[in-house]
Amino acid sequence: METLKLQPEQSGQRKAMSATLPPGTVLQGRYQIIKVIGLGGMGAVYQVRDRHFQAAQRLCALKEMIVNTSDPSKRRLAAQIFEREANILAALNHPSIPKIHDYFTHEDRHYLVLEFVEGMDLEAVLRVVRAPLPAERVVDWAIQICDVLTYLHGHEPPIVFRDLKPSNIMVRPSNQIALVDFGIARTINVGDRGTMIGTEGYSPPEQYRGVASPQGDIYALGATMHHLLTRRDPRLHPPFTFAEEPPSRVNPSVSKELEAIIMKALEYDPTVRYSSAEEMKTALLRCCAVSQSSANILASLHIPVSVDHRLDAKASSLEPQVGQGVAVLTGQSIMPIWQFRCEDEVRSSPVVVDGVLYVGCYDNNLYALNARTGEFLWKYATDGGIAATPCIWKDRVLFGSEDRIFYAVSARSGRILWTCPTEGRIRSSARVELEHAFFGSDDRRLYAVNAHNGQVVWRFEALETIRSSPAIGDEMVYVGSDDHHLYAVDLQTGRQRWKFRTNRNIISSPVLHNGLVVFGSMDWNVYALDEHSGWSVWRFRTDHVVVGSPRVMGEVVYIGSADGYLYALELGNGRLVWKFNTGNQVVSTPAVTEKSVYISTLGGDIISVNRKTGKEQWRFKTGAPVPSSPCVYEDAVYVGSNDHYVYALPV
Amino acid sequence: MSFSSQDSTISQGEYSDRAIPVKRRASQGVSSELKPAIVRTAPRGLTVVQNSHIGRVRQHNEDAWLVLDLSYRENDAHVMVALLILADGMGGHASGDLASALAARTAAACVMQDIMPSYLSPEVAGTPHYSLHEALVHAVQVANETVYRNLPHAGTTLTMALVLGRKAYVAHVGDSRAYVLENGTLRRITRDHSLAARLVETGQTISEEMVGQRNILYRAVGHSNTIEVDTYTESLFDGSCLLLCSDGLWSKMSDAEIAEVLMGETDAQFAVNKLIAMANERGGEDNITVILAVCNEG
């Protein structure tokens, strides 16, 4: 069976090449083999000495094409291709194209005698230089390649090189480049049966439809530049995925302008690329002129644009109608719909049900506000700060306070219905399922309480405080503890079913989705566990503690980390979809809608991020850190801030 | 995770009930009229069948399969534990069949060593510090290094499904495929690592000239000394069917046709044989291998 394994050249050399000519062999009574300088798919390339010039050491390159097939039509085709390359080369005259001196056939092998180009091909350069190549060097080569492509494409009909890649580009000691290999191998059809491994990597998508155009060479030049600048070998990655590794990310010498030029050359659609090599050269020349003249100026003005545009809340305090917060939407302020001032920090996260917003505050009150207008409806005073998020069930609001008591008050009037004392401050938020409320306490216990009358049905005791809020499954309740464990407790009896150990405290509240329990830990990881067994299915490491909780939508997990990023991870495998740098620590939980993800930061910002792309849509700055998590209801985002305000912002 | 018992503290006086009454929710499974006959006729628990055929053109069968069923019965329940591996080898001089089997064996050995002891007996083997996906990726990486070192001219696809309880964890490289059959339709889990699939993903049209390029893979086990592995998590329900196949099947039959056969037969092994026979009737240019796991919770 005809199966082939196409490979990058270095591994191709593992193959025992059939019978290269030994050094000393003389062909045509004239060309004496010195050594093999390259192995290709069709034969070797030798360095030879031309013995016609007895007095001079005249060196040539001898390129060999071995015809292995016995099929006469294939043999004829091979001979034609060989002659074609010889004739193309003979007609060309350019300093970056090696001169052809002669061609001949000897025992089933065809030979081209070419100018010997001293130097190293760029694939060898990549092997020798172990760091990403500096941008100026690569741009210099690219400009020279644009020149030779302009020369080739200027023929009538245009000559398309079709196989531009690092191994076909030689760099002479003078830093001048030369294109070698005018296509013996590439026009041969390499067997169309059997599965092959390895793509050409540098070829444009349309080349696989048999289209060869000057724009294809431009794509290949873009691919070559990308490889040189990033060291990411396109033959070892999915085809056409250059955009996944922007050169500026791995190579600091690459400017955004240069990156834009490379990515334009790499567009899928040939009509969107540079229309000619000349045009690309002009762009490259302009880009290196810009980067040289403005490099220092830009460095000295190194101010993040987004910070520059933002107005500090305190600076705007002269305008009381704007209040503490200012939002920036493409440089233009957006106003809160309303804002409500409490007496202390609002760390609790608001909840909106039936047009009423409920939120706790460190002034010890639970507030009920009209969600549309911000109008005060009622408040209920406890004897401690309220950090937990209220839970609305039927006609009542359930929440714990730092006064150690769990309360149920009427959602309509704020009248007390029942209380349930615990032995520690309550920061965990309650969940209600099967007519029972579940919440944790600093007394280390997870409580299951009858939501009608506050009677405790069971308590589960962990080794440390429980500040995480539970998630309720079909049979189990899941909750994290400061004792580093995530516990699964029998919903009916409160007995432990399994526990999973992380390396630090778990304050993050688990979320149950598709049979996976997803949560963060202060050991910097996000975990997904199998709900039944507690086995770790995947984990994703951030660069700081994960205190906030995940939200899941459309099979994607959204979670913030104190490393300042909002992450979007695939639910099934924890793979990064995108991450967004908020610029400040994140300890809250995002709110997710079909289009947007809203996240608050300890820098005081509420940020709207496009859910699909992870790009910022707008940013609103409050006057103090925001550990409170945003909540979306109808057309507004609600959030509390440590500046004592509750804000309603337009989505 | 551990199974150390840590009873909840019961304090006196303030309790209303002994336990929270849990109503068993309707299971999320396949609705009974759409439960395939091959599931209804299968014994309770997990049933795994497979078959492989050389096809009608090739001289060698370069496909390999490996199946390990460790399901057990505990506390009046069937606990599904199984490993299904399918590999489609390639490479000259008949080394493709060696590569596929080597990769399958090596990956299976890693999974048996790194996951099975802890899963079957955490009391003895303890808890691993790595996740299941990390362990599966590691298993494929070890298989990759082994093929790369021992069979330098060969490569193979590798699609592996590890069933643990009511989930299947899938690791995948190449253009073999894993599917689930849900409510009478086939849903593909894996993504082909082929040039043709990438061209489609980038919105290119596939022309006739492309047909010869269909089989170019950009990722395969044994291709280079490092490898990127795709992983997936699938929930299994009563009535779920998991299908792994080589391109010898899916290049000859549409997803709908495969689903029709699976829904139309009453015996799992017969369904697998029929799929292979149909691929052969349509030319059988390639080796054809199919693994089918059906999940019957009664």
Side-chain angles (χ1 to χ4, degrees), chain A residues 1 3-5 7-8 11 14-15 189 192 194-199 205-206 208-210 236-240 268 434 436 445 448 450 453 455-461 474-475 489 491-496 498-501 514-516 530 532-539 571-574, chain B residues 1-3 5-11 14-17 19-23 25 58-60 88 90-92 96 119 127 130-134 152-155 164-167 169 175 193 195 198-199 202-205 207 209-210 212-213 215-220 223-224 231-233 235:
Chain A
M1 173 185 9
T3 48
L4 275 175
K5 182 170 174 173
Q7 291 209 322
S11 44
R14 291 191 294 166
K15 272 180 236 170
N189 191 1
D192 54 4
T195 303
M196 294 179 285
I197 309 171
T199 64
E206 71 273 13
Y208 297 100
R209 295 199 312 261
L236 301 177
H237 286 87
F240 329 120
Y268 299 151
L434 300 166
H436 286 74
R445 297 188 183 105
N450 185 313
N453 54 29
Q455 283 181 303
V456 176
V457 179
W458 53 253
R459 295 188 301 196
F460 165 79
E461 190 157 338
D474 282 357
E475 297 163 11
V489 174
L491 181 60
Q492 285 182 282
T493 63
R495 280 173 201 273
Q496 180 183 306
W498 52 257
K499 64 180 178 185
F500 175 83
R501 188 186 160 83
N514 282 7
L516 295 173
D530 174 39
H532 300 291
S533 65
W535 265 67
S536 165
V537 174
W538 54 258
R539 59 181 171 178
L571 177 65
N573 54 28
Chain B
M1 159 202 46
S2 78
F3 293 90
S5 64
Q6 192 179 38
D7 290 352
S8 57
T9 320
I10 310 273
S11 65
E14 49 189 29
Y15 288 84
S16 61
D17 300 299
I20 297 172
V22 176
K23 279 168 272 167
R25 294 178 196 183
R58 301 274 170 111
Q59 306 293 312
H60 299 276
D88 175 356
M90 62 214 75
Y119 196 83
T127 313
Y130 38 78
S131 70
L132 287 166
H133 281 244
E134 287 167 311
H153 304 304
L164 294 177
R166 280 190 235 139
K167 285 205 182 62
Y169 305 97
D175 70 346
H193 298 140
L195 178 62
R198 263 307 289 166
L199 286 166
T202 61
Q204 304 285 320
T205 48
S207 64
E209 296 139 83
M210 263 304 298
Q213 311 256 19
N215 292 334
I216 295 183
L217 302 185
Y218 59 81
R219 214 189 280 170
H223 175 214
S224 88
T231 57
Y232 306 88
T233 307
S235 292

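Quick note on labels: first sequence line is chain A, next is B, and so on, each numbered from 1.
Looking at heavy atoms from C-beta onward, A:N573 lies out of side-chain contact with B:Y169 at the 4.5 angstrom threshold. With contacts defined as side-chain heavy-atom distances shorter than 4.5 Å, the pair A:L236/B:H223 qualifies. Using a 4.5 Å heavy-atom cutoff, the side chains of B:H193 and A:P238 are not in contact.
For A:P239 against B:L195, the heavy-atom pair with the smallest separation is CG-CD1, 3.6 Å. Of all heavy-atom pairs spanning B:R198 and A:F240, the tightest one is NH2-O, 2.7 Å.
Options A:V489, A:V537, A:D530, A:L571 differ in how many heavy-atom pairs under 4.5 Å they form with chain B, and the most are formed by A:V537.
Of the two parts of B:T231, the backbone and the side chain both hold a non-hydrogen atom closer than 4.5 Å to a non-hydrogen atom of chain A.
If you take NE2 on A:H532 and NZ on B:K167, they are separated by 5.0 Å, rounding to the nearest 0.5 Å. The structure places OG1 of B:T233 at 5.5 Å from CG of A:L516, a figure rounded to the nearest 0.5 Å.
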